[in-house]
Amino acid sequence: MAMAKPERRSLPRCPVETTLMLLSDKWKVLILRDLQRYGTMRFSALKRSIGSVSQKVLTAQLREMEEDGLRVLGTLDAERQVGVVSVDFP
């Protein structure tokens, strides 16, 4: 049975308000900082670069960012069996 996709929350019309809403958590700002700085990273490297974030919190933050419409790309490098994370900066 397929899981229902969570409904996306509506975003404010003001771009500044939208940005503040999307990045209202300190982990999201640090995630974007490191992905902007280093580009595509292994999940474990991203976790290590951020510092004291747990794997559970980092995973939840990445999923939430994706649900909010940010293009966070999580893939599995099949050759090495590691998670890779990147974000699309238009």
Completion exercise
Smallest heavy-atom separation, R33 atom then I50 atom, equals NH2-CA, 4.5 Å
Problem - Minimum heavy-atom distance between S54 and K47, given as atom pair plus value - result: C-CE, 4.0 Å
How long is the straight-line distance from [atom2] of [Y] back to [atom1] of [X], given to the nearest 0.5 Å?
X: Q61; Y: D25; atom1: CD; atom2: CG; answer: 4.0 Å
X: M41; Y: R48; atom1: CE; atom2: CZ; answer: 8.0 Å
X: L46; Y: L35; atom1: CG; atom2: CG; answer: 5.0 Å

Practice task
Among L58, T59, V57, find the one that has a side-chain contact (heavy atoms from CB on, under 4.5 Å) with Q55.
Solution key: T59
